[in-house]
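A note on names: the letters A, B, ... follow the listed sequences, proteins ahead of strands, and every chain is numbered from 1.
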2 protein chains.
Amino acid sequence: MTQRKVISFDTIRVACKNCSLSQLCLPMGLAQEDIERLDSIIKRSRPLHRGDHLFRGGERFRSLYVVKTGSVKTYAPSEEGGEQVLGFHLPGEIIGLDAIDKSCHACSAKVLETSAICEVPFQRFEELAASIPSLQHQMYRLLSKEIGQDADMLLLLGKKNAEERLAAFLTSMSSRLSKRGLSPTDFYLSMSRHEIGSYLGLAVETVSRLFTRFQEDGLLRVDRKHVEVLNLPALEMMAGSAPSSTHQQRSN
Amino acid sequence: MTQRKVISFDTIRVACKNCSLSQLCLPMGLAQEDIERLDSIIKRSRPLHRGDHLFRGGERFRSLYVVKTGSVKTYAPSEEGGEQVLGFHLPGEIIGLDAIDKSCHACSAKVLETSAICEVPFQRFEELAASIPSLQHQMYRLLSKEIGQDADMLLLLGKKNAEERLAAFLTSMSSRLSKRGLSPTDFYLSMSRHEIGSYLGLAVETVSRLFTRFQEDGLLRVDRKHVEVLNLPALEMMAGSAPSSTHQQRSN
DNA sequence: ATTGACGCTTGATGCATGTCAACTTGAGTT
DNA sequence: AACTCAAGTTGACATGCATCAAGCGTCAAT
């Protein structure tokens, strides 16, 4: 993710109307004046650093968070230090939507690299949305999109084998980065192999072996966190519901 | 699910204000008059029968659907007839939330048994919600709840073994039925073993073997679709993130 | 009752992937 | 540079569950 660009403090404090993400984020489809009203309720703190938490499971829900720069992971912590990674969040993506229902966070959110985050106090947001139909609509869309993505993930975990899972992860990263104006074929992953494995329901070792294999097969060039995709169509093919080779498994 | 009760045609046509589900469903928290406004936009068709579709993947999104009686499955159809079951929906639960974003259904919804369904035209609903803050809030809560449940499911598919999955499925059914005034320990499953397997990411045979084993272990009494839970606490323990026995697997 | 189709169960076998262990590499610290 | 520690890689081995195959109960239609 980290595209090695220098970020000035001014850059991260930009208002929504000047933010390059506005077409992916809450302001999408809003009139200029409504964007400014939205802007007025958003809190922008100084950048957070790797390992900082936006919130932890069990805490009271007050705000949604939007990634402005950097990346964040959400995860469900379990007793013995184990954790299930639930998602990786790139700029423009909203975090905390699952907590509206119980007004309490069920998962934790941790910053993966130095990141700028917009905080959206939910109660004020809700009041605002009631008076701006297009904002309300956009919020429904974003909630709905999250549900759709979770369904894709259920399909991945329920039906796909290890190879298909990693291919799906890489093509998903590729397309999301591309939407944000970054290269779809050359990027840095801000998360560890362990976190990728947890997210995909695989052991670290399996992830590692697959990276090696993909490289041997000429699909990727990998150096630590740096990934160059050499054959994106092949990866996409692999990620699709098509089975890996002649023998598919889990045809249940 | 089917609790073998006779359902009159009057029963299924009841207005929201007289519906026993109103505390689980959209009307929750609404004032009497607002319930009536909501009621006025809802369409109630005659009962659907096993195998009927509410909608199919690819169709244009127009309405949300709420189960009034009976049960529905949602699934992602794949080319070769294979399908991934995404969820089972009981009375009071809303179907189609994932389609708001793309205004097009990504999955299909099929009735599992004779069922009464309320149709909620979304555009009219959205207009109504804009003028009823508590309805808007309830909608946010329902969307959020769905996201939270999907996260639970990701955890199940990512980390739990077959035994834990089936135990989680059974305890979930138990508690949901219980919330609807039915027995938490004696119920009929309206879905096939195959569908349960697909939902849980397991082969039919594995599901079948587990039912047998649970019965041998005195946790259940099973006869076809009829399940009697004999030791609910034990099932809940199993379903929790606790590993099945001394050796846990997938500690990634 | 007979038939056929389908869903379910049970057993035998194999494989993908988890687990364990050892080693390598890289980044940060002194 | 030397040291430390976490992260990643690779190999050897173990196993849970998918797969294949066969048989059985149930239900509906005839």
Side-chain angles (χ1 to χ4, degrees), chain A residues 2 49-51 73 80-85 112-113 156-167 188-198 200-216 220 222-227 238 243-252, chain B residues 49-51 73 81-85 112-113 156-167 188-198 200-216 220 222-227 238 243-252:
Chain A
T2 320
H49 298 289
R50 176 171 176 75
K73 74 164 175 181
E80 337 85 4
E83 64 181 43
Q84 165 79 22
V85 173
L112 287 169
E113 61 189 312
L156 182 143
L157 292 174
K159 284 237 175 327
K160 296 187 181 178
N161 65 24
E163 177 181 295
E164 292 161 344
R165 292 182 197 194
L166 188 63
Y188 284 79
L189 297 172
S190 60
M191 70 293 289
S192 69
R193 300 286 192 265
H194 186 86
E195 287 163 333
I196 295 172
S198 170
L200 298 176
L202 300 172
V204 203
E205 294 91 333
T206 304
V207 174
S208 182
R209 277 185 253 270
L210 283 170
F211 268 117
T212 305
R213 181 142 66 83
F214 283 179
Q215 180 157 249
E216 286 166 0
L220 303 175
V222 186
D223 177 35
R224 301 285 283 169
K225 310 234 172 216
H226 181 206
V227 175
M238 218 180 221
S244 58
S245 59
T246 50
H247 61 291
Q248 72 254 48
Q249 77 157 69
R250 291 205 176 190
S251 57
N252 45 353
Chain B
H49 298 288
R50 175 169 180 77
K73 75 165 173 180
E83 64 180 43
Q84 166 77 22
V85 173
L112 288 169
E113 62 188 313
L156 182 142
L157 291 174
K159 284 238 174 329
K160 297 187 181 179
N161 63 26
E163 175 181 298
E164 291 161 345
R165 292 181 197 195
L166 187 63
Y188 285 80
L189 297 171
S190 60
M191 69 292 288
S192 69
R193 300 285 193 266
H194 186 86
E195 288 163 332
I196 295 172
S198 170
L200 298 175
L202 299 172
V204 204
E205 295 91 330
T206 304
V207 174
S208 180
R209 276 185 252 270
L210 284 169
F211 268 118
T212 306
R213 181 142 65 84
F214 284 179
Q215 180 156 253
E216 285 166 1
L220 303 176
V222 187
D223 177 35
R224 303 282 284 167
K225 311 236 172 213
H226 181 207
V227 175
M238 220 177 221
S244 58
S245 58
T246 50
H247 60 287
Q248 73 252 49
Q249 76 156 60
R250 294 207 176 185
S251 58
N252 43 356

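Side-chain N/O atoms of K225(B) include one lying less than 4.0 angstrom from OP1 or OP2 on dC8(C). Side-chain nitrogen and oxygen atoms of S192(A) include none within less than 4.0 Å of the OP1 or OP2 phosphate oxygen of dA6(D). When the side-chain nitrogen and oxygen atoms of T206(B) are compared with OP1 and OP2 of dA18(D), one or more of them lie within a distance under 4.0 Å.
One atom, CD1 of I196(A), and another, C1' of dT17(C), lie 17 Å apart when rounded to the nearest Å. As a whole-Å value, the separation of K160(B) NZ from dC17(D) C1' is 18 Å. Separating the CZ atom of F214(A) from the C1' atom of dT9(D) is a distance of 16 Å, rounded to the nearest angstrom. The interatomic distance linking L200(B) (CG) with dC17(D) (C1') rounds to 14 Å, in whole Å. Rounded to an integer number of Å, the gap from CG of L202(A) to P of dT19(C) is 11 Å. Taking atom CZ of residue F211(B) and atom C1' of nucleotide dT10(C), one finds them 16 Å apart after rounding to whole Å. For R209(B) and dG16(D), the CZ to P distance is 14 Å, given to the nearest whole Å. Here the C1' atom of nucleotide dG16(D) and the CZ atom of R165(B) are 11 Å apart, to the nearest Å.
Residues Q215(A) and V222(A) come closest through the heavy atom pair OE1-N, 2.7 Å. K225(A) and S190(A) get closest at one heavy-atom pair: NZ-O, 4.3 Å.
Using a 4.0 Å heavy-atom criterion, one finds that S208(B) contacts the bases of the nucleic acid, with or without backbone contacts as well.
Comparing the end axes of the helix from dA1(C)-dT30(D) to dT30(C)-dA1(D), each fitted to five base pairs by superposing C1' atoms of four pairs onto the next four, gives an inter-axis angle of 40° (nearest 10 degrees).
When side chains are defined from C-beta on, L202(B) does not count as touching I196(B), because their heavy atoms never get closer than 4.5 Å.
Ranking dT10(C), dC17(D), dA18(D) by closeness to the A203(B) side chain, first place goes to dA18(D). Each of dC8(C), dT17(C), dG26(C) was ranked by its minimum atom distance to the side chain of R224(A); first place goes to dG26(C). Counting only heavy atoms from C-beta on, T212(A) has its side chain closest to dT9(D) among dT9(C), dG8(D), dT9(D).
Judged by distance alone, with hydrogens and angles left aside, E205(A) brings a side-chain donor or acceptor within reach of the base of dC20(C), the pair sitting under 3.5 Å. Counting distance only, with no hydrogens placed and no angle test, the side-chain atoms of R193(A) and the base atoms of dT10(D) include no donor-acceptor pair under 3.5 Å.
Without hydrogens or angle criteria, R193(A) side chain to R224(A) main chain gives a donor-acceptor distance under 3.5 Å.
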All N/O donor-acceptor pairs, side-chain side in residues 207-214 of chain A, below 3.5 Å, sequence neighbours left out:
{"residue": "T212(A)", "atom": "OG1", "partner": "S208(A)", "partner atom": "O", "Å": "3.0"}
{"residue": "R213(A)", "atom": "NH1", "partner": "E163(A)", "partner atom": "OE1", "Å": "3.0"}
{"residue": "R213(A)", "atom": "NH2", "partner": "E163(A)", "partner atom": "OE1", "Å": "3.4"}

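A salt bridge is defined here as a Lys NZ or Arg NE, NH1 or NH2 lying under 4.0 Å from an Asp or Glu carboxylate O, and K73(B) with E83(B) meets this definition.
Evaluation of the salt bridge (charged side-chain N to carboxylate O under 4.0 Å, His left out) rule for E205(B) yields no partner, not counting sequence neighbours.
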